[in-house]
Q: 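This is the structure I have questions about; it appears just below.
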Amino acid sequence: MDKLQWFKFTPTDWIMGKIQRCEEITQARFMRLICLYWNKECLLTYDDAEIEIDEEHLTILKNKKIISFEDLHIRIKFLDEQNGEVINLSEKRRQ
């Protein structure tokens, strides 16, 4: 699959989301994380995420249930859902 060029992101979701309960530095680190996560086609290890945004911010995001962990990877639900839609559309077009 070609690199994913964009993801859906609404200002309302940002303003009304749990991320607003975080310090501005954590919000900025989350923005960096979601861009990296999307660029890696939603396959990002905990170790790689930690290198990018530091363990402190990963822990904050996990504790506020903004991200989760599965095995050795991080999960960002809204991007995983969009990635699934892209994969399904790609499969349909291929058929």
Q: Which distance, rounded to the nearest 0.5 Å, do you find between the CD of Glu50 and the OG1 of Thr59?
A: 8.0 Å

Q: Check the hydrophobic clustering (I, L, V, M, F, W, Y; side-chain heavy atoms under 4.5 Å; chains of links allowed) and say if Met16 and Ile66 are grouped together.
A: yes

Q: Should Glu70 and Tyr46 count as side-chain neighbours, where that means a heavy-atom distance under 4.5 Å?
A: no

Q: Would a single hydrophobic cluster contain both Ile67 and Leu43, if residues Ile, Leu, Val, Met, Phe, Trp and Tyr are joined by side-chain heavy-atom contacts under 4.5 Å?
A: no

Q: Please answer: with hydrophobic residues joined when any side-chain heavy atoms are less than 4.5 Å apart, are Ile51 and Leu61 in the same cluster?
A: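 They do not share one cluster, since no chain of ILVMFWY contacts under 4.5 Å joins Ile51 to Leu61.
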
Q: Taking the side chain as C-beta and beyond, is there a heavy-atom pair between Phe30 and His57 under 4.5 Å?
A: no

Q: Gln82 side chain to Lys8 main-chain N or O, any donor-acceptor pair under 3.5 Å?
A: yes

Q: As an exercise, state the distance from CG of Asn83 to CZ of Phe7, rounded to the nearest 0.5 Å.
A: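 Atom-to-atom, Asn83:CG and Phe7:CZ are 12.0 Å apart.
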
Q: Would a distance-only check, ignoring hydrogens and angles, find a side-chain to backbone donor-acceptor pair under 3.5 Å from Thr26 to Cys22?
A: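 Absent.
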
Q: Check whether any side-chain heavy atom of Arg29 sits under 4.5 Å from a side-chain heavy atom of Glu52, and report yes or no.
A: no

Q: With distance as the sole test, does Trp38 use its side chain to make a donor-acceptor pair with the main-chain N or O of Trp6 at under 3.5 Å?
A: yes

Q: Check for me, please, whether Ile25 and Ile53 land in the same ILVMFWY cluster - side-chain distances under 4.5 Å, paths through other members count.
A: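 No, separate clusters.
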
Q: Could you report the tightest heavy-atom contact between Tyr37 and Leu44, atom names first, then the distance?
A: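 So the two residues come closest at CD1-CB, 3.8 Å.
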
Q: Distance from Met31 atom CE to Gln27 atom CD, nearest 0.5 Å?
A: 9.0 Å

Q: Does a side-chain heavy-atom distance below 4.5 Å link Asp47 with Leu72?
A: no

Q: For Phe9 and Ile34, work out which heavy atoms get closest and say how close.
A: CE1-CD1, 4.4 Å

Q: Write down the atom of Leu58, the atom of Leu33, and the distance for their closest heavy-atom approach.
A: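 Looks like CD2-CD2, 4.3 Å.
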
Q: Hydrophobic clusters here meaning ILVMFWY residues chained together by side-chain heavy-atom distances under 4.5 Å, can you tell me if Ile74 and Ile60 are in one?
A: no

Q: Above 12 or not: heavy atoms from other molecules or residues under 6.0 Å from CZ of Arg75?
A: yes

Q: Does atom CD of Glu23 have more than 12 heavy-atom neighbours, drawn from other residues, nucleotides or ligands, at distances under 6.0 Å?
A: no

Q: Between atom CG of Leu79 and atom SG of Cys35, what is the distance when rounded to the nearest 0.5 Å?
A: 9.0 Å

